[in-house]
Student: 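Submitted below is the structure of interest, expressed as structure tokens.
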Amino acid sequence: MKRCELCRGIYLNSVKDDRFKSGRISVNLSVPIAKETVAQNALLIQLLGRCCKAYPDYISLNREVSRLYGAVIGTDCVKLGDLQTLTLSVSGLDDRYTLNGEVLSEELANLLCKMLFEPKLEGEAFASDDVEQERRQLLELIEAEANDKRRYAVKQCIGMMCQNDPFGISRVGTYDQVCSVTPQDVYRAWKNVLETAVVNVVVVGRLDDEAIGEAFKAEFLKLERNAVECGITPYEFDGELKQLVETQEVMQSKLVMGFSCKISAGDERADHAKLMTLVLGGTPSSKLFTNVREKESLCYYCAANYNRQKGIILVDSGVEKQNIEKAKKEILNQLEQIKQGNITDFEISAAKLAVGDSAGMVTDSVSGIEKFYSSQLFEKEILSPEQAAQRINAVTKEQIVEAANCVELAAVYVLTDGKEGEE
């Protein structure tokens with residue numbers, strides 16, 4: 001990936017790839033995540049992707065993207081460590097395939113600029129009707145995530161584990177926070193994001209990245225910007241195990257265990273921790289899958305995930321209520337087996353093979369490539385999928401064991417039905 005700074009706090013990131021007939025431009029605006037602004041920002045990015053001053057409704061915007069060979073506008077709001085990143089993107093036909101030699105790269109960039117810098121406003125506020133419609137969409141998303149009990153349990157464990165850490169804040173805010181946002185709040189959030197966010201423009205494909213970069217640079221230079229420092233601080237375990245049992249009407253109990261591993265992005269051992277997590281519970285050949293799920297039949301699923309930005313490992317499982325303590329004990333036992341070096345060559349090779357397969361899947365689409373590189377934008381070194389796989393392939397058994405011995409249980413969250421007499 002080629003990376004350059006267009007102006008202070010504005011970066012152009014370009015990944016050239018000839019295999020696709022389409023390209024993708026994404027504008028990623030990153031700000032420190034905060035309870036006071038998280039819901040406003042989440043609602044803002046949805047409104048920016050809905051319409052703009054030049055195309056104030058769905059019909060006019062749809063007519064324009066249809067004219068641009070069926071371009072597709074997208075938005076996203078993600079949490080990356082301590083940051084909330086708002087993404088406005090467009091995918092469209094590569095310049096090489098336009099019928100009359102149109103330079104679609106510039107037109108796609110100009111469309112994003114209109115949507116980002118010239119939204120549909122009512123004075124110093126976003127249009128109230130638009131705000132209400134997007135608020136309803138966001139509230140439905142929050143409800144849907146709460147009804148997905150696996151996702152809900154993971155979210156609750158993170159919130160409990162990181163209650164004094166920005167990582168514990170929901171990426172879109174709470175239901176009540178979204179309800180309280182006004183059109184004026186969204187306007188102030190828009191001004192704040194444009195003036196303070198660290199901005200990464202990511203271009204994938206064969207689009208004219210230089211022309212795209214100049215288009216965004218010209219717009220940002222019109223603003224009085226003071227980009228904030230956007231860093232990610234690794235999670236620090238205070239030594240006190242946090243535990244919570246929550247009761248709801250659920251058919252299947254959820255057990256989520258949060259671990260501190262003291263190894264995060266920028267640490268040369270991050271690849272060791274990633275492979276160790278895959279050996280523990282990241283593949284069908286992992287210890288959690290083959291032992292906790294298959295051999296002991298203690299859960300319906302059991303998987304481990306490593307967050308390299310924060311240095312956190314989460315193990316989540318779906319269990320019968322009477323098996324919660326047994327599953328917890330066996331999960332800790334499997335981690336202990338790795339700490340003691342009881343790992344087979346097959347377990348290691350299967351985990352490495354999974355990384356190689358994942359690297360191949362990442363490069364199957366422009367959106368996959370864009371998301372892969374965007375996840376590394378605040379790390380010291382940005383790797384290609386191939387380089388990342390090579391790093392993993394070089395990890396030894398001894399390094400896996402060393403990484404495992406840095407892991408410490410920090411939180412246990414249980415979601416169950418609360419009924420008596422079923423133990």
Side-chain angles (χ1 to χ4, degrees), residues 32-33 35 79-83 149-171 231-247 253-267 269-282 286-289 291-292 298-299 301-319 323-340 399-416:
I33 192 166
K35 292 179 181 179
K79 180 171 61 176
L80 185 67
D82 302 341
L83 309 177
K149 297 308 177 186
R150 180 174 183 177
R151 176 181 289 188
Y152 173 82
V154 170
K155 181 179 176 180
Q156 291 294 93
C157 184
I158 292 173
M160 174 183 65
M161 181 178 176
C162 304
Q163 57 189 357
N164 298 316
D165 188 295
F167 190 64
I169 300 172
S170 167
R171 68 184 179 93
I232 299 175
T233 304
Y235 170 76
E236 290 189 11
F237 179 41
D238 60 11
E240 180 183 351
L241 176 63
K242 298 173 179 62
Q243 301 186 73
L244 176 65
V245 177
E246 185 176 355
T247 58
S253 296
K254 308 296 180 185
L255 167 65
V256 186
M257 302 170 69
F259 297 85
S260 165
C261 73
K262 307 178 187 69
I263 302 172
S264 58
D267 190 317
R269 300 172 298 167
D271 294 321
H272 311 168
K274 179 177 180 179
L275 187 59
M276 182 273 295
T277 305
L278 288 170
V279 170
L280 175 63
S286 66
K287 288 190 175 293
L288 297 184
F289 189 93
N291 292 286
V292 184
L298 291 174
C299 58
Y301 62 85
C302 191
N305 290 283
Y306 171 55
N307 185 296
R308 62 185 291 130
Q309 282 80 32
K310 296 298 293 185
I312 288 172
I313 295 172
L314 293 171
V315 174
D316 74 304
S317 56
V319 300
N323 289 331
I324 292 174
E325 287 302 318
K326 293 178 184 177
K328 174 185 170 183
K329 182 178 179 180
E330 188 57 31
I331 289 168
L332 293 173
N333 176 51
Q334 294 304 318
L335 174 61
E336 184 62 29
Q337 293 302 309
I338 298 177
K339 290 183 177 183
Q340 293 179 9
Q399 290 170 329
I400 293 173
V401 173
E402 180 186 358
N405 278 283
C406 294
V407 176
E408 187 175 3
L409 182 62
V412 178
Y413 171 85
V414 173
L415 176 65
T416 190

Student: What distance do Asn307 atom CG and Lys274 atom NZ have between them, rounded to the nearest 0.5 Å?
Tutor: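 Here the interatomic distance stands at 12.0 Å.
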
Student: For Tyr152, does the six-membered ring have the charged nitrogen or CZ of Lys149 within the cation-pi criterion, i.e. under 6.0 angstrom from the centroid and within 45° of the normal?
Tutor: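 Relative to the ring axis of Tyr152, which defines the angle, Lys149 lies inside both limits.
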
Student: I'd like to know if the side chain of Thr277 reaches the main chain of Ala304, judged simply by a donor and an acceptor atom lying under 3.5 Å from each other, with no hydrogens or angles considered.
Tutor: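 No, Thr277 side chain to Ala304 backbone: no donor-acceptor pair under 3.5 Å.
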
Student: Would you say Glu325 and Leu255 make side-chain contact, with heavy atoms under 4.5 Å?
Tutor: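 No, too far: nothing below the 4.5 Å cut-off.
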
Student: Taking C-beta and beyond as the side chain, do Met257 and Leu332 meet within less than 4.5 Å on heavy atoms?
Tutor: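 The answer is yes, as the side chains (C-beta and beyond) meet within the 4.5 Å cut-off.
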
Student: Please check: side-chain N/O of Lys310 versus main-chain N/O of Thr233, any donor-acceptor pairing under 3.5 Å?
Tutor: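 Pair found, side chain donor or acceptor close to backbone of Thr233.
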
Student: Got Asp82 and Asp165 here, is their nearest side-chain heavy-atom distance under 4.5 Å?
Tutor: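 They are in contact (side-chain heavy atoms under 4.5 Å apart), so the answer is yes.
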
Student: Within this structure, what is the CG-OG distance for the pair Leu278 and Ser286, rounded to the nearest 0.5 Å?
Tutor: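 Rounded to the nearest 0.5 Å, the CG-OG separation comes to 8.5 Å.
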
Student: If I compare all heavy atoms of Cys157 with all of Gly258, which pair ends up nearest, and what's the gap?
Tutor: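 Here Cys157 and Gly258 meet closest at SG-N, 4.0 Å.
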
Student: Output the distance between atom CZ (Arg171) and atom CG (Leu83), rounded to the nearest 0.5 Å.
Tutor: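 If we round to the nearest 0.5 Å, Arg171:CZ and Leu83:CG are 15.0 Å apart.
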
Student: Treating Lys339 as the side-chain partner and Val407 as the backbone partner, does any N or O pair qualify as donor plus acceptor under 3.5 Å?
Tutor: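 Yes, because the side chain of Lys339 sits within donor-acceptor range (under 3.5 Å) of the backbone of Val407.
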
Student: Using distance alone, with no hydrogens and no angle criterion, decide if Glu330 and Asn333 have a side-chain donor and acceptor under 3.5 Å apart.
Tutor: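 Yes, a side-chain donor-acceptor pair sits under 3.5 Å.
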
Student: Side chains of Val292 and Gln334, heavy atoms from C-beta outward: is any pair under 4.5 Å?
Tutor: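 In short, these two side chains touch, coming nearer than 4.5 Å.
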
Student: Mind listing the closest non-hydrogen atom pair of Phe167 and Cys162 along with its distance?
Tutor: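 For Phe167 versus Cys162, the nearest heavy atoms are CD2-SG, 3.9 Å.
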
Student: Could you pull out the closest heavy-atom pair between Lys155 and Ser170, with the gap in Å?
Tutor: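 For Lys155 versus Ser170, the nearest heavy atoms are NZ-OG, 3.4 Å.
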
Student: With rounding to the nearest 0.5 angstrom, report the CD1 to OH distance, Ile312 to Tyr306.
Tutor: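 Between atom CD1 of Ile312 and atom OH of Tyr306 there are 10.0 Å.
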
Student: Give me the atom names and distance for the closest heavy-atom approach of Ile331 to Ser317.
Tutor: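 Smallest heavy-atom distance, with atoms named: CD1-OG, 4.3 Å.
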
Student: Does CD belonging to Gln163 count more than 12 external heavy atoms closer than 6.0 Å?
Tutor: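 Above 12, so yes.
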
Student: So do the side chains of Gln337 and Asn291 get within less than 4.5 Å of each other, counting heavy atoms only?
Tutor: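 Sidechains of Asn291 and Gln337: no contact.
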
Student: Indicate yes or no: at least one non-hydrogen side-chain atom of Lys254 is less than 4.5 angstrom from one of Asp316.
Tutor: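 They are not in side-chain contact.
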
Student: Under the side chain to side chain contact (heavy atoms under 4.5 Å, CB included) rule, collect the residues that match up with Ile169, sequence neighbours excluded.
Tutor: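 With sequence neighbours excluded, Ile169 shows a side chain to side chain contact (heavy atoms under 4.5 Å, CB included) to Ile33, Lys35, Val38, given in chain and number order.
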
Student: Let me confirm one number: the CE-OH distance from Met161 to Tyr413, rounded to the nearest 0.5 Å.
Tutor: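 Between atom CE of Met161 and atom OH of Tyr413 there are 15.5 Å.
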
Student: Does any part of the side chain of Lys287, heavy atoms only, come nearer than 4.5 Å to the side chain of Ile338, both counted from C-beta?
Tutor: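 Ile338 reaches Lys287 side chain to side chain.
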
Student: Any non-hydrogen side-chain atom of Val245 less than 4.5 Å from a side-chain atom of Val412?
Tutor: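 When only atoms from C-beta onward are counted, Val412 and Val245 do not touch, as no gap falls below 4.5 Å.
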
Student: When rounded to the nearest 0.5 angstrom, what is the spacing between CG in Leu335 and CG in Asn405?
Tutor: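 These two atoms lie 8.5 Å from each other.
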
Student: Under the side-chain hydrogen bond (donor to acceptor under 3.5 Å, both in side chains) definition, can you give me all pairs with a residue in residues 255-266, not counting sequence neighbours?
Tutor: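 Passing the test, one end in residues 255-266: Lys262-Glu408.
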
Student: Please determine whether side chain to side chain contact (heavy atoms under 4.5 Å, CB included) holds for the pair Val315 and Cys302, giving the CA-CA distance in whole Å, both sets of side-chain angles, and the decisive distance to 0.1 Å.
Tutor: CA-CA 7 Å; Val315 174; Cys302 191; 4.0 Å; yes

